[in-house]
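Notes to accompany the following structure.
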2 protein chains.
Amino acid sequence: MNTVNAVAALAALAQEHRLTLFRLLVKAGESGMPAGEIAQTLGVPSSSLSFHLAQLRNAGLILQERQHRSLIYRANYQAMNGLVAFLLENCCAGTDCGPAAACDTAHPERKSA
Amino acid sequence: MNTVNAVAALAALAQEHRLTLFRLLVKAGESGMPAGEIAQTLGVPSSSLSFHLAQLRNAGLILQERQHRSLIYRANYQAMNGLVAFLLENCCAGTDCGPAAACDTAHPERKSA
DNA sequence: AGCTTATTTCGACATTTCTAGAATAGTCGT
DNA sequence: ACGACTATTCTAGAAATGTCGAAATAAGCT
């Protein structure tokens, strides 16, 4: 993670619809949500939603996967952790003041191990 | 922390100069830095810097304090932690997957306790 | 092949944000 | 009070971003 990546990720999150959307996907977990369902939940026209999904995807914060006719989106926990780590990188003047991020990609209810 | 606050904070950080500036202050710690020194370090005209400092301040991410002729700025660790906590709030479908933020306002080298 | 559903891309417009010079406002020493 | 120093506000133009209808693309069904 460098400044440019971080700015892209932050800019992607710095918008009401996108932040809500991202958090929705964070909640949704590994199974993700199809674009249509997201549009409905957020009450945003599909073309607008598509624009926002693209922003988040370009920033690497969400992942896309086709499932039959629908495109399923889910949060990229790893990217999120990277961003948080970057933000708190030199927190407390470089002293290690504890773990900065702690969300694993694996999902408690779903992970095999 | 709510969505509106979070968007404000993220928007404040979603800009190359401001992100660098914020991280500079995070490194600088409790003692902070005067505006002039920041401007010099970042190579940004003072009027532009002032604009960015105001953005970060409005978002609650940095604190201002006058010291004689200089205005000293320092990172607001608490605000940062609040933001991170908000972002990872329902991480892993609400399962508590560990501490999301860990930077205390108190500074190892300076704290009394 | 043709029809239906799901989603994206295009285009045009409105809004917001960034930049930086010039003017203004506080603070201090003399 | 005056001058020097530090920093902000004002201003205007340039650049980037958000919105959403209409058209286009992709996938699956019969």
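Convention: sequence-line order gives letters A, B, ...; per-chain numbering from 1. What you see is a predicted model, and the numbers here were worked out from it, not measured in a lab.
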Checklist entry - Starting at the 5' end of DNA chain D and moving along, which residue's nearest nucleotide shows up first, B:A35 or A:R18? => result B:A35

Checklist entry - Do the side-chain N or O atoms of B:Q64 get closer than 4.0 angstrom to the phosphate oxygens (OP1, OP2) of D:dA7? => result no

Checklist outcome for this item: A:L42 atom CG is separated from D:dG18 atom C1', nearest whole Å, by 15 Å

Item to check | N/O (side chain, A:S48) to phosphate O (OP1/OP2, D:dC20) under 4.0 Å | outcome: yes

Checklist entry - Quick one: are A:T41 and A:T20 in side-chain contact, heavy atoms under 4.5 Å? => result no

Next on the checklist: Working note: B:L49 + B:L21, criterion side chain to side chain contact (heavy atoms under 4.5 Å, CB included); need CA distance, chi angles, decisive distance, verdict.
Outcome noted: CA-CA 9 Å; B:L49 177 71; B:L21 159 47; 3.8 Å; yes

Checklist entry - Is the shortest heavy-atom distance from the side chain of B:E65 to the side chain of B:Y73 under 4.5 Å? => result no

Checklist entry - In whole angstrom, what separates A:N58's CG from D:dT17's C1'? => result 14 Å

Checklist entry - Do any N or O atoms from the side chain of B:R57 and from the backbone of B:H52 form a donor-acceptor pair under 3.5 angstrom? => result no

Next on the checklist: Between C1' on C:dT17 and CG on B:L49, what's the gap in Å once rounded to a whole number?
Outcome noted: 16 Å

Checklist entry - How would you label the contact of A:S70 with the nucleic acid (heavy atoms, under 4.0 Å): base, sugar-phosphate, or nothing? => result sugar-phosphate

Checklist entry - Can you check whether A:Y73 has a side-chain N or O nearer than 4.0 Å to OP1 or OP2 of C:dA6? => result no

Next on the checklist: Checking the side chain of A:R66 only, and the main-chain atoms of A:R69 only, is there a donor and an acceptor separated by less than 3.5 Å?
Outcome noted: yes

Checklist outcome for this item: Taking for B:R69 and for B:S46 the nucleotide of DNA chain C with the nearest heavy atom, the one nearer the 5' end belongs to B:S46

Checklist entry - Which whole-number value in Å describes the distance from B:H68 NE2 to D:dT6 C1'? => result 13 Å

Item to check | Whole-Å distance separating the CD atom of A:Q15 from the P atom of D:dA16 | outcome: 18 Å

Item to check | Whole angstrom value for the distance that separates P of C:dT9 from CZ of A:F51 | outcome: 12 Å

Next on the checklist: If you only use heavy atoms from C-beta on, which nucleotide in D:dC20, C:dC18, C:dT8 is closest to the side chain of A:S50?
Outcome noted: C:dT8

Item to check | Protein-nucleotide distance (B:L71, atom CG; D:dT8, atom C1'), rounded to Å | outcome: 9 Å

Checklist entry - Rounding to a whole Å, what distance do you find between A:E37:CD and C:dA6:P? => result 12 Å

